[in-house]
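Beneath this line is the structure, given in structure tokens, with notes to follow.
Whatever order the structure lists them in is the order used to number ligands and atoms, beginning at 1.
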Amino acid sequence: MELEKLNLPGVEERRPLVIAGPCSAETEDQVMDTARQLAKNGVKVFRAGIWKPRTKPGGFEGNGVTALPWMQKVKKETGMLTATEVATAKHAEEALKFGVDVLWIGARTTADPFAVQEIADTLKGVDVPVLIKNPVNPDLELWIGALQRLNNAGIKRLGAIHRGFSTYDKKLYRNLPQWHIPIELHRRFPDLPIICDPSHIAGRRDLISPLCQQAMDLQFDGLIIESHCDPDKAWSDAPQQLAPDVLSLVLNNLVIRNMNQTTESLAELRKQIDEIDMDLTEMLAKRMRVAKEIGIYKREHDMPILQTERYDEIIKKRMETGSAMSLDGEFTRKIFEAIHEESVRQQMRIME
Ligand code: PEP
Ligand code: MN
């Protein structure tokens with residue numbers, strides 16, 4: 001991909017790029033009240049949803065074109081740049097007509113290559129920064145595909161937004177972070193800025209601050225955070241929006257670590273990690289060899305591969321051992337499930 005810097009204002013040594021504003025532009029008063037407070041707190045890019053693709057009917061789907069003059073007013077009065085979500089070519093045209101400075105493509109739209117292509121076609125020849133949220137499903141290639149469609153249309157000021165991934169059983173987070181996916185995106189495209197959206201990952205206020213810090217520690221380039229003048233009364237995503245003064249607190253508490261200080265001791269620790277990983281790999285290979293021997297035994301004695309009781313016992317015991325060694329139970333379970341799955345696969349090959 002041929003990329004240029006996003007070149008958005010507000011990036012300082014102690015502050016990443018921050019885009020903040022309400023989930024939805026509800027009324028002119030709500031937009032202006034929120035914008036004035038955010039501007040006073042040093043936010044330079046204002047977000048608000050004009051068109052809101054909602055998962056289910058009946059939710060607030062945005063004011064549409066009616067709300068675009070409010071964005072113009074925000075820009076004129078506060079000097080902040082404005083950003084909004086576009087889900088169709090028509091949205092993109094209208095947003096540009098009203099001088100919106102930054103466009104983003106939402107998670108539901110990124111999952112639809114035809115919609116993304118239509119938006120890309122409309123933006124041909126326009127120099128506007130476009131941010132692309134990850135698709136709702138954890139599919140890195142689909143995310144990259146959307147970025148490429150925009151890039152092929154000549155959009156060079158491109159960025160990615162990590163907003164987490166939908167799951168069937170909601171647990172702590174509204175959308176699972178699955179950090180390895182944006183990390184892999186960064187590895188593949190080191191010049192592509194990646195912005196974290198802790199609001200949609202968290203789904204609730206109290207988780208936003210730690211997520212912001214985590215994003216900074218993982219070297220994300222910026223944050224897009226939902227902020228509303230009266231969060232509890234928000235027409236969409238109320239539980240996850242922060243009042244502007246709370247957002248300020250969160251931003252002021254961020255620790256931006258200096259990543260250039262790769263010290264001697266860090267190199268030493270990394271060497272240790274490399275060695276431990278080597279040991280782990282060897283142990284895994286050894287375990288697979290033994291599993292294959294068991295496979296041969298099972299074949300010769302006409303036994304089934306999967307013995308549920310044994311499986312349950314392995315997972316249970318390993319979790320107990322792990323937690324005795326201060327490992328997270330969920331983590332231990334996942335590791336051994338993966339190991340067991342691979343053992344079964346190896347044994348199936350022997351059976352064939
Ligand atoms: C939003 O930013 O308000 C939004 C709808 O986000 P997402 O596309 O990530 O669900
Ligand atoms: Mn929202």
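Among Ala107, Ser166, Ser236, the residue whose heavy atom lies closest to atom 8 (O) of ligand 1 is Ala107.
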Practice problem: Apply the test side-chain hydrogen bond (donor to acceptor under 3.5 Å, both in side chains) to residues Glu26 and His228: give CA-CA distance (whole Å), side-chain angles for both, the deciding distance (0.1 Å), then the verdict. | Solution: CA-CA 10 Å; Glu26 299 162 5; His228 188 292; 3.1 Å; yes
Practice problem: Could you go through the salt bridge (charged side-chain N to carboxylate O under 4.0 Å, His left out) check for Arg54 and Asp237 one step at a time? | Solution: CA-CA 11 Å; Arg54 304 318 291 175; Asp237 289 353; 3.1 Å; yes
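Among the candidates Leu254, Leu251, Asn253, the single residue satisfying the side chain to side chain contact (heavy atoms under 4.5 Å, CB included) test with Cys212 is Leu254.
Looking only at its N/O/S atoms, Glu226 has OE2 as the one nearest to the Mn ion (ligand 2).
Remark: at the Mn ion (ligand 2), atom OD2 from Asp237 and atom SG from Cys23 enclose 100°, rounded to the nearest 10 degrees.
Residue-ligand proximity, Cys23 to ligand 1, at heavy-atom distances under 4.0 Å covers atoms 3 (O). Of all atoms in ligand 1, numbered sequentially from 1 with element shown, those under 4.0 Å from a heavy atom of Glu85 are 4 (C), 5 (C). For ligand 1, the atoms sitting less than 4.0 Å from at least one non-hydrogen atom of Arg108 are 7 (P), 8 (O), 10 (O), numbered in the order shown with element in parentheses. Of all atoms in ligand 1, listed by their number and element, those nearer than 4.0 Å to a heavy atom of Glu226 are 1 (C), 3 (O). Heavy-atom proximity to Arg163, at under 4.0 Å, picks out these atoms of ligand 1: 7 (P), 9 (O), 10 (O). Every atom of ligand 1 is numbered from 1 in the order shown, and the set under 4.0 Å from a heavy atom of Gly106 is 8 (O). Numbered from 1 in the order shown, with element, the atoms of ligand 1 that lie under 4.0 Å from a heavy atom of Trp104 read 2 (O).
The aromatic rings of Phe220 and His162 are tilted relative to each other, their planes meeting at an angle between 30° and 60°. Under the 30°/60° scheme for interplanar angles, the aromatic rings of His91 and Trp51 are found to lie parallel.
The shortest N or O to N or O distance between Lys52 and ligand 1 is below 3.5 Å. On a distance-only criterion, Lys133 and ligand 1 share at least one N/O pair closer than 3.5 Å. Checked by distance only, ligand 1 and Arg47 come closer than 3.5 Å through their nitrogen or oxygen atoms.
A salt bridge is defined here as a Lys NZ or Arg NE, NH1 or NH2 lying under 4.0 Å from an Asp or Glu carboxylate O, and Glu320 with Lys317 fails to meet this definition. Using a 4.0 Å cut-off between charged nitrogen and carboxylate oxygen, Arg47 and Glu85 do not count as a salt-bridge pair. Salt bridge present: Glu184 and Arg187 bring a charged side-chain N and a carboxylate O closer than 4.0 Å. Remark: Glu313 does not engage Lys316 in a salt bridge, criterion side-chain N to carboxylate O under 4.0 Å.
The nearest protein atom to atom 4 (C) of ligand 1, hydrogens excluded, is given as His200 NE2, 3.4 Å; this is a heavy-atom distance.
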